[in-house]
Each structure stands twice: as structure tokens, then as C-alpha cells.
Amino acid sequence: MFTGPIEDRLAIRELVETYGDAVTRADQQAWEQNWTEDAVWTLNLPGLEKVEGRKAIVALWVQAMAGYEFVLMSSSPGAIQVEGNHATGRFYTSEVARSKDGTTQRVSGRYEDEYIKREGRWYIHRRTFKMLYTQDVTGKAGA
Amino acid sequence: MFTGPIEDRLAIRELVETYGDAVTRADQQAWEQNWTEDAVWTLNLPGLEKVEGRKAIVALWVQAMAGYEFVLMSSSPGAIQVEGNHATGRFYTSEVARSKDGTTQRVSGRYEDEYIKREGRWYIHRRTFKMLYTQDVTGKAGA
Amino acid sequence: MFTGPIEDRLAIRELVETYGDAVTRADQQAWEQNWTEDAVWTLNLPGLEKVEGRKAIVALWVQAMAGYEFVLMSSSPGAIQVEGNHATGRFYTSEVARSKDGTTQRVSGRYEDEYIKREGRWYIHRRTFKMLYTQDVTGKAGA
């Protein structure tokens, strides 16, 4: 369900798209600006349950991204619900991820999110990931 | 082409995203709330041309979904045209569907839709599907 | 990043979706109406660097499309920045392209765009493509 002011619903959609754009361009500065300082990132991956605080979140991301030649990430919303300066959302992610070891995966997942608006700008406050599907593929990177 | 009030154009985009979210979560209640009571769902599938009325539509969907371990469905609009409380739209769907027999398909299709606004809320009144492309894949479901 | 009036940000998103819809329906008239007359399309493909002017752009597109049984194209924005009647944007494209020779590819790419607003309507003024990833697949066309 989508509820709340139209400006906020579109801004949150764009926030998550900005996040995916930063992943795809491997742009650390653009990526970290989407999180609150006290954010929590729950990954639910083996050996990697949860990270707390933007500093730790960014450190983990930098380390994870170092293993990839590239990651293409796009996101599509399933729900956005806004109440004042707080909101929740659900996004479906679709990624093509090529590891430096040469393997490539198509990964589909879902994020359950919380967002906070501060000084007129929305930030991700909590992201909780659930892997839904992975497919090993072969393919080649563009020129 | 996209025409009509911005609030309605965004709301219809969100309506179809809500529909896909309900498919992906296999949530019958969330799914059926997107249809009018007198809706028509034209599937153009062999042996399954057309279903009329929300009750019959939901019964068919429940039966179809029972054959799948999961379906991930996302939708992207190609056109939304609003006139008052009536609108038409065209959406492209992308699905990953894993049958309980273990086969998985990526399915691309197109919906030609009609929507009706009642008491300030948009509903799907007619959906007509055309399959565009299917690919058999192997892959594994997430944890 | 997404900046500028909400109406313009949504209209530019819809412009690029209209473009993809025209590709998928192989509708020349709908496709060419998205470009300014003096647009520039930079493809960065071998032997095909850049095309200038809508007339030449359309001629190239018609020729390219003649080689395909179908192309499904969807686009997802990474950034839209509007200032008055000028805007820039970055879109990620996802295509399923089946050649008439029977081969099929999934292609992921990125467009860096410039848009111009004339008489209340947004047009693509420059598109610069970068191929990011291609995957050869097998699959069958829908009925």
C-alpha cells in the first residue's frame, strides 16, 4: 500500500533509486549519503546478520564491493507509507553481480525499510534484506 | 503517453506495484483488493481466455498460485492516461516463477488495463495480458 | 540525485518510459516524438559512435530495429535533475532483444541524458549510451 503526501512518496522512491545508482556506479560518497548516522542494516546473510551505524555500514559495503568487478542494482517499490517525518517501505531489488573471480549472478531480493525525514530530506534509517532468488549466469561485461 | 493529473498518474503506478507486491508475497487479501467487483481478467492463455468478476478472478489466481513455490513480479508502465474517474494504462511485467515441480521461468509480458476511481481510490477494472517472452532458467531460491 | 519540481521529475520519468514503450511496440511514430529535432544520440558502439538530428536518429533506429524479431526495453532512473526548461538524467536500461537470426540477448546499459522542455512538454535532447552487460540466452517468444 502507498499512503501519505505525493511529494514524500515520490521522494522515497527516488531515494532508493539514488541508492541503487550509487551501487551501480560504485560511488561510495553518493551511497553513504542515503543513510542516517544511526542506521541499521540487517542483511540476514550467513555470518553477516546486522551492521549498526553508518560508519560500520559503509566499511562493510566498501569491503563487499571490493569483491566485485561490477554490480548493477535496480529497485522497484511494493509499498511506501508515510506519516509525517517517518515512513516505511518495501522494495524489490534486481541485481547483476559479477565477482572478480569471474562468476556472475542475477539476484532478486526484498528490502523492508524505515526512512526518516530531516531538514526536508529523506534518509534510510533501517534496511532489512531478504534474498529471494539467485541465478548463476554467464555473460560478458560491456566495452 | 502519460496524461492527466499527476496524483492520479502516480496512484495508478502504485496500484499496479501494489498488485505485483501482493503476487510476490502470495497475499490473497492484498491482491484481491486491487480489483473492482465486476472486473474482467483476460489472460489469452491456452484454455484460459477470460475470467469475469472478482470472485472468479480470485479463485483462478489462488488455483494458479498453488502451482508455484514462488512468483516474483515487477511491473513498469509504458503508458497511463487519466480522464476523470476512468483511466487506461499499459504495463510491462517481469516475473521469475518457480513451479513446485522445480522448473523456473523468467516471463516478460504486457498488460493493457482499464482503471476506475471510486471514493478516491483507483481499482483495476480490466486487465488483458499478452505473453511476450519466456526463458527457462535454473537457479536457487534464497534462504 | 533528484532535484527540481515534482511535476517535471515525474514527467521525465514518463518520457523515458514512453520511449521504451515505443521500442517494445516497434512504433516509429511514438518513438520519434520523444526527440528534439536537433537531438544527438551517442551510442558508443563499434562503427556507430554518434548520430545527429532527429531525422538521422530515426533512420538509424528503423534500420537497427529491422534486425530484430522484437526488443523489450524497460528503464529505471538513477538521477533526474531539473533546472527550469533544461534537465539531465541517468537511466538504467534492461532489454531482451531477439535477432531475426534467432539469437537472444539480455542487455543492461546506462543512458546519460539531457532533456529540454518546449511548450510545456519534455523532449530528449541528448542520449549517451554505455553498454554495461550482455548475456546470451535461449528462450521462446510468447504466442
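These numbers come from the heavy atoms of this one structure, side chains and all, not from hydrogens, waters or symmetry mates. Residue numbers start from 1 in every chain, and the chains themselves are labelled A, B, ... in the order their sequence lines are given, proteins ahead of strands. Note that the structure is predicted; figures quoted are calculated from it, not measured.
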> Within a radius of less than 6.0 Å around CD of Q63(A), do more than 12 heavy atoms belonging to other residues, nucleotides or ligands occur?
Replying inline: no
> How long is the gap from CG on D8(B) to CD1 on I6(A), to the nearest 0.5 Å?
Replying inline: 9.0 Å
>> Can you tell me if F129(B) has over 12 outside heavy atoms packed within less than 6.0 Å of its CZ?
In response: yes
>> Check this for me: E37(B), atom CD, are more than 12 non-hydrogen atoms of other residues, nucleotides or ligands nearer than 6.0 Å?
In response: no
>> Could you tell me if the side chain of R90(A) sits less than 4.5 Å from the side chain of R25(B), heavy atoms only?
In response: yes
>> Return the CZ to OG1 distance between R110(A) and T24(B), rounded to the nearest 0.5 Å.
In response: 7.5 Å
> Does the pair L72(B) and Y133(A) meet the rule for a side-chain contact (heavy atoms from CB on, under 4.5 Å), with working shown?
Replying inline: CA-CA 9 Å; L72(B) 310 185; Y133(A) 185 72; 4.2 Å; yes
> If you tally heavy-atom pairs under 4.5 Å against chain A, which of R106(B), E7(B), Q33(B) wins?
Replying inline: R106(B)
> Given the options S108(A), P77(A), S94(A), which has more heavy-atom pairs under 4.5 Å with chain B than any of the others?
Replying inline: P77(A)
>> So F2(A) and L15(B), do their side chains get closer than 4.5 Å, heavy atoms only?
In response: no
> Should R13(A) and E17(B) count as an ion pair when the cut-off is N to O under 4.0 Å?
Replying inline: yes
>> Can you give me the closest heavy-atom contact between S76(A) and S75(B), atom names plus distance?
In response: OG-O, 4.4 Å
